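Below, chains carry the letters A, B, ... as their sequence lines are ordered, and counting in each starts from 1. These values consider heavy atoms only, across backbone and side chains, with no hydrogens, waters or symmetry-generated copies. Remember, it's a predicted structure, so these values are computed and weren't measured experimentally.
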Amino acid sequence: MAQKPSIPKGTRDFNSETVAKRSYITETIKQQFKVYGFQPIETPSFENSDTLIGKYGEEGDRLIFKILNSGEYLKKISDADYQERLESKLTPKISEKALRYDLTVPFARYVVQHQNEIEFPFKRYQVQPVWRADRPQKGRFREFYQCDADVVGSRSLFQEVEFIQLYDAVFTALNLKGVTIKINNRKILSGIAEVIGAQDKLIDFTVALDKLDKIGEEKVKEEMLAKGISQAGIDKLQPLFGLSGNFGSQIESLKSILESSEIGLKGIEELEFINTAIATLQLKTAGLQLDVTLARGLNYYTGAIFEVSAPEGVNMGSIGGGGRYDDLTGIFGLKDISGVGISFGLDRIYLVLEELSLFPDSVKENTKVLFINFGEAEAMESLKAVSTLRSKGINAELYPDWVTSGKQMKKQMNYANKRDIPFVVLVGEEELKSNRFALKNMTSGEQETINLDDLISKLK
RNA sequence: GUGGUUGUAGCUCAGUUGGUUAGAGCGUCGGUUUGUGGUACCGAAAGUCGUGGGUUCGAGCCCCAUCUUCCACCCCA
């Protein structure tokens with residue numbers, strides 16, 4: 001064979017079984033989104049670069065796929081710019097569009113652009129692929145799907161409460177038990193940074209703190225010190241490292257750390273509200289856990305921060321995340337619109353369900369009955385029956401090629417086997433004469449000759 | 001973006017310090033079996049050893065580049 005074609009790294013082809021399983025997940029998620037009152041929207045797969053660039057931090061900019069301009073884009077570059085070879089200067093001149101990096105920023109753009117047509121609070125969901133120029137690893141791809149639900153135009157903490165319920169509802173519907181919804185609050189992180197005198201180093205501080213369960217207390221302290229946080233400040237963090245117990249007792253410890261910080265106390269107040277509400281409403285299968293070290297998406301989250309981790313024992317990064325962003329639309333010129341949202345990582349949820357064998361057998365459902373083809377007259381008669389069965393909603397098909405020998409028969413039976421088709425119908429010369437059908441059960445091997453009505457009822 | 005790792009038949013993988021014609025299992029195809037599949041037995045086809053350079057009398061094996069896989073960073077769903 002000649003050189004085989006290939007696809008770019010970090011992308012995948014999906015066979016029909018995988019498509020069925022993926023669609024089982026997205027349909028389950030969409031169904032819950034609808035039940036919770038969200039409306040679908042879709043946005044283009046690529047945006048103007050200035051919509052995306054600079055919204056995800058320096059690291060994010062690096063991971064955005066940029067689209068080369070059409071036409072003679074190099075001719076428009078001045079000799080000076082060309083000679084200079086400065087990416088930051090040249091890139092915007094040869095690339096004015098970029099692939100969607102997530103669903104949140106395009107959504108913010110959508111809200112601002114269509115603000116006069118939207119009823120606030122606006123609840124939307126969106127299930128579309130996003131692209132990142134990342135280096136692939138397990139559960140990390142360069143093209144993957146996000147399933148987002150967001151609300152804009154309400155500051156109510158009941159939204160956060162509902163999103164936690166929504167997470168719980170989806171994972172319950174997927175029969176995925178033992179999922180942990182971690183929650184934190186940007187205001188608490190700000191408060192802690194304030195207390196230790198590192199307000200200006202909030203990001204460095206939280207990035208280091210985020211690594212606590214991965215690299216341990218000592219390394220975290222080292223990293224903070226290296227980032228310029230004072231030893232005195234780090235000492236004040238000591239109670240934080242020993243934080244344990246349930247939601248309530250952790251909150252009490254945090255209160256003592258944050259007693260001098262107004263914003264920190266505000267964060268605690270918010271967390272307490274959410275926790276109390278969830279305790280009253282109860283979750284079905286997921287667990288809610290306060291995790292002060294959780295610090296994701298700080299480039300725009302301002303209040304609650306969510307992250308969902310797979311059940312214990314499954315080696316997978318987060319399978320969902322989200323949070324409150326008080327001023328996301330501000331970057332597009334629409335001030336004081338608060339938003340909060342969550343995201344499900346389809347590709348990772350897939351890997352988790354696969355690892356735990358949680359896909360129901362029903363996702364594989366395909367053709368129920370295959371008619372063996374014995375020749376023109378028989379095939380014609382078979383197609384009549386096939387049409388009738390199809391009109392009754394029974395997945396049926398006729399093998400397209402005729403039997404010319406016993407080998408062909410074997411081939412057709414094998415075909416049914418390979419495709420896991422549970423029934424085969426034989427309409428040969430005898431059946432044609434008697435106007436009956438030989439129905440064979442491919443699992444048990446049993447066979448019976450019956451009329452059309454019986455055939456329908458047996459296959460229903 | 002940094003460091004490492006992987007690639008041999010359709011699939012999963014062997015292949016010794018560089019040495020004749022690169023192997024196995026599964027699958028595929030044919031036969032035992034011309035209206036009955038799954039099991040069994042017999043047989044066959046199938047590989048530019050990821051790709052491109054280089055070293056060597058000789059390269060699947062060594063060197064360089066590149067693509068790909070997986071992993072750890074960074075970051076993230």
Side-chain angles (χ1 to χ4, degrees), chain A residues 1-12 25 29 56-64 87 101-104 127-148 203 206-208 210-211 214-215 219 223 294-299 306-310 315-322 341-352 370 372-375 378 399 402-432 438-447 449:
Chain A
M1 199 188 290
Q3 176 70 48
K4 273 188 223 170
S6 62
I7 54 176
K9 71 174 163 192
T11 65
R12 297 149 297 158
I25 297 172
I29 292 172
Y56 308 100
E58 209 177 305
E59 192 64 30
D61 284 353
R62 203 192 75 205
L63 297 176
I64 292 172
E87 272 178 36
Y101 175 88
D102 72 354
L103 300 179
T104 308
V127 176
Q128 288 189 279
V130 302
W131 295 270
R132 295 185 188 178
D134 210 352
R135 207 175 267 208
Q137 295 180 31
K138 181 179 184 183
R140 173 180 287 193
F141 308 99
R142 294 169 83 177
E143 177 182 62
F144 62 96
Y145 271 72
Q146 288 189 332
C147 314
D148 276 28
I203 300 286
T206 51
V207 164
D210 194 33
K211 295 178 187 166
K214 209 168 184 177
I215 63 176
K219 296 264 184 192
E223 183 166 331
L294 178 60
R296 293 298 166 89
L298 280 178
N299 287 307
F306 302 115
E307 182 168 304
V308 183
S309 37
N315 179 23
M316 183 60 61
S318 63
I319 56 176
I342 60 173
S343 179
F344 292 83
L346 165 64
D347 302 82
R348 288 188 176 176
I349 292 171
Y350 180 98
L351 291 170
V352 170
L370 176 78
I372 302 290
N373 191 330
F374 281 87
E378 292 90 341
Y399 193 87
W402 299 353
V403 169
T404 53
S405 71
K407 308 292 181 259
Q408 273 295 322
M409 175 103 186
K410 180 177 179 149
K411 190 173 179 177
Q412 297 189 44
M413 297 294 262
N414 258 326
Y415 181 75
N417 261 345
K418 294 277 162 57
R419 285 189 47 198
D420 282 320
I421 297 173
F423 294 97
V424 155
V425 167
L426 297 97
V427 181
E429 205 176 336
E430 283 172 37
E431 288 82 4
L432 197 60
L439 174 68
K440 185 181 175 90
N441 180 322
M442 294 299 278
T443 317
S444 65
E446 286 165 16
Q447 187 171 322
T449 303

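Taking the side chain to side chain donor-acceptor pair (under 3.5 Å) definition, one finds that Lys211(A) meets it with Glu223(A), sequence neighbours left out. Under the ring pair (Phe, Tyr, Trp, His ring centres under 6.0 Å) criterion, Phe144(A) pairs with no residue at all, not counting sequence neighbours. Residues satisfying the salt bridge (Lys or Arg N to Asp or Glu O under 4.0 Å) criterion with Glu430(A), sequence neighbours excluded, are absent altogether. Taking Arg140(A) as the reference, Asp134(A) meet the salt bridge (Lys or Arg N to Asp or Glu O under 4.0 Å) condition, with sequence neighbours excluded. Residues that satisfy the ring pair (Phe, Tyr, Trp, His ring centres under 6.0 Å) test with Phe141(A), not counting sequence neighbours, are absent from this structure. Not counting sequence neighbours, the partners of Tyr399(A) by the ring pair (Phe, Tyr, Trp, His ring centres under 6.0 Å) test are Tyr415(A). A search for side chain to side chain donor-acceptor pair (under 3.5 Å) contacts involving Glu431(A) returns nothing, not counting sequence neighbours. Listed by chain and number, the residues in a salt bridge (Lys or Arg N to Asp or Glu O under 4.0 Å) with Lys9(A) amount to none (sequence neighbours excluded). Legend: residues meeting salt bridge (Lys or Arg N to Asp or Glu O under 4.0 Å) with Asp102(A), ordered by chain and number and at least two apart, are absent.
A sub-4.0 Å separation between OP1 or OP2 of U36(B) and a side-chain N or O of Gln447(A) is absent. OP1 and OP2 of A72(B) both lie 4.0 Å or more from every side-chain N or O belonging to Lys214(A).
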Worksheet item: How would nucleotides 27-34 of chain B be written as a contact map, 5' to 3', with B for base contact, S for sugar-phosphate-only contact and - for no contact, using protein heavy atoms under 4.0 Å?
Response: -S--SSSS
Worksheet entry | Secondary structure string for RNA chain B (Watson-Crick or G-U under 3.5 angstrom, | for other-strand pairs) | ((((..(..((((.....[...)))).(((((.......))))).....(((((..]....))))))..))))....
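In summary, of the residues considered (Ile64(A), Asp61(A), Val130(A)), a side-chain contact (heavy atoms from CB on, under 4.5 Å) with Tyr101(A) occurs for Ile64(A) alone.
Both Asn417(A) and Lys9(A) lie near RNA chain B, and the one whose nearest nucleotide falls closer to the 5' end is Asn417(A).
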Are any protein N/O atoms closer than 3.5 Å to N/O atoms in nucleotides 3-8 of chain B? If there are, list each pair with its distance.
from: G3(B); atom 1: O6; to: Arg135(A); atom 2: NH1; distance (Å): 3.2

